[in-house]
Peer 1: 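Quick one: this structure, given as structure tokens, is what I'll be asking you about.
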Amino acid sequence: MSNAAAALNQITITLPDGSARTYPSGTTGLAIADSIAKSLAKAAIAIEINGEIRDLSRAVEEHANIRIFKREDAPALEMIRHDCAHVLAEAVQELFPGTQVTIGPSIENGFYYDFARNEPFTLEDLPKIEAKMKEIIGRGAAFEREVWDREQAIEYFTKKGEMYKAELIRDLPGTETITVYRQGDWLDLCRGPHMPTTKHIGTAFKLMKVAGAYWRGDSSRAMLTRIYGTAWRSEEELQAYLTQIEEAEKRDHRKLGREMDLFHLQDEAQGSVFWHPKGYSIWLALEGYVRRRLNTAGYVEVKTPQLMDSRFWEASGHWSKYRENMFVVPDVVPNTEEGQKIFKEEPKHFMALKPMNCPAHVQVFKQGIKSYRDLPIRMAEFGCCHRNEAHGALHGLMRVRQFTQDDAHIFCREDQIASESLAFCELLRTMYTDLGFTNVKVKLATRPENRVGTEESWDFAENALRQALDAAGLDYEDAPGDGAFYGPKLEFHIQDAIGRSWTCGTLQLDPNLPERLDATYIGEDGARHRPLMLHRAILGSIERFIGILIENYAGKLPLWLAPTQCVVSTITSEADGYAQEIYNELLAAGLRVELDVRNEKINYKIREHSLAKVPVMFIVGKREAEEGKVAIRRMDSQEQPVEARDSAIAAIIAQSQPPY
RNA sequence: GCCGUUGUAGCUCAGGGGUAGAGCAACGCAUUCGUAAUGCGUGGGUCGGAGGUUCAAAUCCUCUCAACGGCACCA
């Protein structure tokens with residue numbers, strides 16, 4: 001072989017530090033690691049070739065920048081979890097022959113695998129499966145990658161009775177390389193990559209729960225059993241995660257709502273909230289804040305009907321596109337006779353509780369003639385909406401059937417879209433900052449299958465929102481198909497205590513409703529024009545937002561939102577009169593204040609109000625009464641500074657002011 | 001809506017064919033006690049609902065409702 005020919009078969013491998021080495025083409029990642037250091041080869045779990053993570057066992061055939069990953073490197077967690085999903089599937093098929101495997105990805109904090117089995121798995125099966133997984137990991141079989149022929153792969157899985165896998169392969173694009181990964185006697189269709197052996201997974205994993213999940217996320221298809229697990233590098237990481245979950249559960253707004261006496265839900269009104277005085281005081285404080293912000297931002301506030309005729313909803317498009325979510329009420333006089341049908345006659349006319357405020361706002365807009373000079377009109381309403389949500393969707397305050405939106409619709413001209421959208425994004429950012437949220441995810445939800453309007457109108461609307469996002473400098477991701485039936489939307493997501501993400505703020509561009517409901521304004525040219533409509537909310541639903549607030553603050557709301565801002569507690573009954581005076585003064589200043597003159601020890605009172613998460617306690621005994629002072633105890637502080645009565649009162653009044 | 005789990009006192013939970021339990025809370029009495037639980041006493045439940053099996057059901061069976069965890073759907 002000539003030197004030149006030999007050189008042709010050499011590849012240059014560049015390491016992260018910039019140094020380059022030459023290897024024969026076809027050298028495996030493991031061999032490269034081994035040539036760098038024996039210890040590296042031992043610790044290696046994967047190799048990155050020009051940005052793509054691959055199995056160590058794969059041959060490298062091109063010049064490449066590489067990186068060898070070890071278990072402590074960032075990509076390892078995902079691989080541990082993915083490998084763990086494979087082991088879970090093998091364990092299940094060993095223990096429960098006849099179970100079909102489907103898909104099993106790694107996810108945040110862990111992994112899952114969906115199985116098809118006539119009898120769904122139950123919680124009792126998990127310990128058994130977990131033991132089997134440990135056994136499989138103990139065997140330490142190597143993950144072996146094989147490239148298969150497409151047709152043969154389909155035939156193989158079909159013969160084996162793995163109909164779901166066969167379907168998956170059939171649906172893969174023809175260009176895709178079909179690979180399977182073997183671990184001992186078991187194999188799975190998989191794109192990879194995997195770590196060298198099952199032993200590399202370690203034992204810091206735990207099966208968490210079983211759940212139903214539809215095949216390919218489609219509710220018209222088979223219901224599979226999903227097993228969720230969590231997996232980590234080490235026992236310590238696993239324990240830390242489990243502890244973190246326990247801590248998060250303590251912040252659950254449903255638990256805190258009961259403990260703090262904020263609200264309750266009951267069977268007879270499922271999905272609708274009974275707000276208790278303390279919970280409603282949060283609502284009022286929040287609503288007042290939003291109202292002030294909106295006023296300053298040039299909004300006007302309206303109030304529109306709860307019940308409207310079905311003809312109205314036909315015109316808006318809700319009757320055909322949204323009816324399954326609407327509460328429909330027959331417009332008939334009910335029968336009051338004992339034991340008779342509820343209605344004397346078959347109802348012919350129907351009313352519906354509003355699921356949205358927009359069509360009603362268009363009606364307000366349409367009263368009188370609007371000039372282009374009137375635009376934009378920013379019409380706000382704390383609108384109470386009803387949506388008949390599926391039973392399984394209901395979730396505390398986060399997902400309810402009756403909720404109040406901090407809703408508004410901006411009627412504007414096309415040339416105002418950009419500035420209005422930008423102003424909205426900025427207002428939202430200001431308010432979220434005031435309310436303590438900085439970690440907000442933005443999504444652009446584009447046209448869904450079930451929609452009204454022309455393709456052109458959707459193109460226009462989607463582009464307009466994209467431009468607004470760019471102008472506001474907001475990072476976002478696309479959510480294809482997630483738009484409302486009338487237009488695309490921006491969604492502002494905030495996470496709750498258990499990591500679930502909820503849409504709060506939203507901005508939706510709607511070129512369709514003004515058309516359907518025939519809203520017009522007179523343009524500069526004297527002719528009629530269609531206004532465009534921006535649907536927008538910042539909190540989204542007040543219910544949901546309060547739920548999020550409770551969880552994010554773990555119930556310890558900032559002073560301006562706290563249900564009880566201050567409790568004046570006495571140490572002995574000799575201070576009762578003095579305490580009463582202070583209480584009266586705070587009450588007159590508009591504070592939410594309580595007086596605790598019960599015949600209890602001060603320890604008892606402090607404990608109780610601490611558990612109730614009252615931010616400030618004014619504690620007065622004989623000494624304070626005589627000296628005209630108060631001892632101040634703040635939440636989560638053991639300190640008890642004593643201050644002059646007047647300055648203490650002035651300070652708490654100042655501190656309890658809303659941010660706007 | 002679908003799959004799984006759960007439902008016993010206001011709350012947290014024990015009990016699993018033979019007279020319904022605990023702690024906290026509530027109520028009563030005593031205690032005036034300086035920064036996270038004062039002591040003693042009292043009351044409180046058709047065991048989610050409806051049927052069934054049994055001499056006997058909170059307990060076993062069937063149906064149903066709701067909540068919880070996911071999925072689907074969504075502010």
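Scope of the values below: all heavy atoms of this structure, side chains included, with no hydrogens, waters or symmetry mates.
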Peer 1: Suppose we define a pair by two distances each less than 3.5 Å, Watson-Crick or G-U wobble; what does B/G28 pair with here?
Peer 2: B/C40
Peer 1: B/U5 C1' sits how many Å from A/L126 CG, rounded?
Peer 2: 12 Å
Peer 1: Taking only N and O in the side chain of A/H395, is any of them less than 4.0 Å away from OP1 or OP2 of B/G70?
Peer 2: no
Peer 1: Does a side-chain N-to-carboxylate-O contact under 4.0 Å join A/E381 and A/K354?
Peer 2: yes
Peer 1: For A/H264 and B/A66, what is the distance between atoms NE2 and C1' respectively, to the nearest whole Å?
Peer 2: 14 Å
Peer 1: Any heavy-atom pair between the side chains of A/Q638 and A/R633 that's under 4.5 Å?
Peer 2: yes
Peer 1: Is a donor-acceptor contact shorter than 3.5 angstrom present between the side chain of A/E624 and the base of B/G34?
Peer 2: yes
Peer 1: Report the base-pairing partner of B/U46 (Watson-Crick or G-U wobble, both distances below 3.5 angstrom), or none.
Peer 2: none
Peer 1: Do the side chains of A/E249 and A/K255 get close enough for a salt bridge, i.e. N-O under 4.0 angstrom?
Peer 2: no
Peer 1: Would A/F403 pass as stacked on B/A75, i.e. its ring centre under 5.5 Å from the base's six-membered ring centre and planes under 30° apart?
Peer 2: yes
Peer 1: Whole Å only: how far is the NZ atom of A/K255 from the C1' atom of B/G69?
Peer 2: 17 Å
Peer 1: Between B/C3, B/A36, B/A75, spot the one nearest the side chain of A/K489, thanks.
Peer 2: B/A75
Peer 1: Consider only side-chain N and O atoms of A/K489 and A/T503, and report whether a donor and an acceptor are under 3.5 Å apart.
Peer 2: no
Peer 1: Rounded to whole angstrom, note down the C1' distance from B/C47 over to B/G15.
Peer 2: 11 Å
Peer 1: Please state the P separation for the pair B/C29 and B/G69 - nearest whole angstrom.
Peer 2: 43 Å
Peer 1: According to the Watson-Crick and G-U wobble definitions, with both distances under 3.5 Å, which nucleotide is paired to B/C11?
Peer 2: B/G23
Peer 1: May I ask you to evaluate whether A/Q270 reaches the phosphate of B/A66, defined as a side-chain N or O under 4.0 Å from OP1 or OP2?
Peer 2: yes
Peer 1: Check the phosphate of B/G34 against A/R633, side-chain N and O only, distance under 4.0 Å to OP1 or OP2. Yes or no?
Peer 2: no
Peer 1: Is any side-chain N or O of A/N599 closer than 4.0 Å to OP1 or OP2 of B/U32?
Peer 2: no
Peer 1: Using atom P in both nucleotides, what's the gap between B/A57 and B/G48 to the nearest angstrom?
Peer 2: 15 Å
Peer 1: Measure from CD on A/E249 to C1' on B/C68 and round the result to the nearest Å.
Peer 2: 11 Å
Peer 1: Please report the closest heavy-atom contact between A/A116 and A/Y164, naming both atoms and the distance.
Peer 2: CB-CE1, 3.3 Å
Peer 1: Is there a donor and acceptor pair, one atom on the side chain of A/R399 and one on the base of B/C73, closer than 3.5 Å?
Peer 2: yes
Peer 1: May I ask you to evaluate whether A/R117 reaches the phosphate of B/C3, defined as a side-chain N or O under 4.0 Å from OP1 or OP2?
Peer 2: no
Peer 1: Using purine N1 to pyrimidine N3 plus N6-O4 or O6-N4 for Watson-Crick, or N1-O2 and O6-N3 for G-U wobble, both under 3.5 Å, which nucleotide pairs with B/C60?
Peer 2: B/G52
Peer 1: Could you pick out which residue, A/C504 or A/T225, lies toward the 5' side of RNA chain B when each is mapped onto its nearest nucleotide?
Peer 2: A/T225
Peer 1: Within less than 4.0 Å of OP1 or OP2 of B/C71, is there a side-chain N or O belonging to A/Y228?
Peer 2: yes
Peer 1: Considering just the side-chain nitrogens and oxygens of A/R254, establish if one lies under 4.0 Å of OP1 or OP2 belonging to B/G69.
Peer 2: yes
Peer 1: If you take atom types as modelled and just measure distance, does the side chain of A/E268 reach the base of B/A66 with a donor-acceptor pair under 3.5 Å?
Peer 2: no
Peer 1: Round to the nearest Å and state the distance from A/K321 atom NZ to B/C74 atom C1'.
Peer 2: 18 Å
Peer 1: Within less than 4.0 Å of OP1 or OP2 of B/G10, is there a side-chain N or O belonging to A/R258?
Peer 2: no
Peer 1: Tell me which of A/E639 and A/F121 sits closer to the 5' end of RNA chain B, going by the nucleotide each one is nearest to.
Peer 2: A/F121
Peer 1: Watson-Crick or G-U wobble partner for B/G17, using a 3.5 Å limit on both distances?
Peer 2: none
Peer 1: For B/A72 versus B/C11, give the span between their P atoms, rounded off to a whole number of Å.
Peer 2: 33 Å
Peer 1: Looking at A/L207 and A/F111, what are the two nearest heavy atoms and their distance?
Peer 2: CD2-CZ, 4.1 Å
Peer 1: Do NZ/NE/NH1/NH2 and the carboxylate oxygens of A/E287 and A/R291 come within less than 4.0 Å?
Peer 2: yes
Peer 1: Tell me what A/K601 touches on the nucleic acid: a base, only sugar-phosphate, or nothing, going by heavy atoms under 4.0 Å.
Peer 2: base
Peer 1: Out of B/C74, B/A36, B/C2, which nucleotide sits closest to the side chain of A/R544?
Peer 2: B/C74
Peer 1: Check the distance between B/C73's P and A/R401's CZ and give it to me in whole angstrom.
Peer 2: 18 Å
Peer 1: Would you please confirm or rule out a distance under 4.0 Å between OP1 or OP2 of B/G34 and any side-chain N or O of A/Q640?
Peer 2: no
Peer 1: For the side chain of A/R387, starting at C-beta, report the closest nucleotide among B/A75, B/C71, B/A26.
Peer 2: B/A75
Peer 1: Taking atom P of B/C3 as reference, at what distance in whole Å does atom OH of A/Y214 sit?
Peer 2: 8 Å
Peer 1: Report the base-pairing partner of B/G69 (Watson-Crick or G-U wobble, both distances below 3.5 angstrom), or none.
Peer 2: B/C3
Peer 1: Is any side-chain heavy atom of A/L95 closer than 4.5 Å to a side-chain heavy atom of A/M133?
Peer 2: no
Peer 1: OP1 or OP2 of B/G34 less than 4.0 angstrom from a side-chain nitrogen or oxygen of A/K605, does that happen here?
Peer 2: no
Peer 1: Measure from CD on A/Q266 to P on B/C65 and round the result to the nearest Å.
Peer 2: 18 Å
Peer 1: Using the C1' atoms only, state how far B/U42 lies from B/G52, rounded to an integer number of Å.
Peer 2: 40 Å
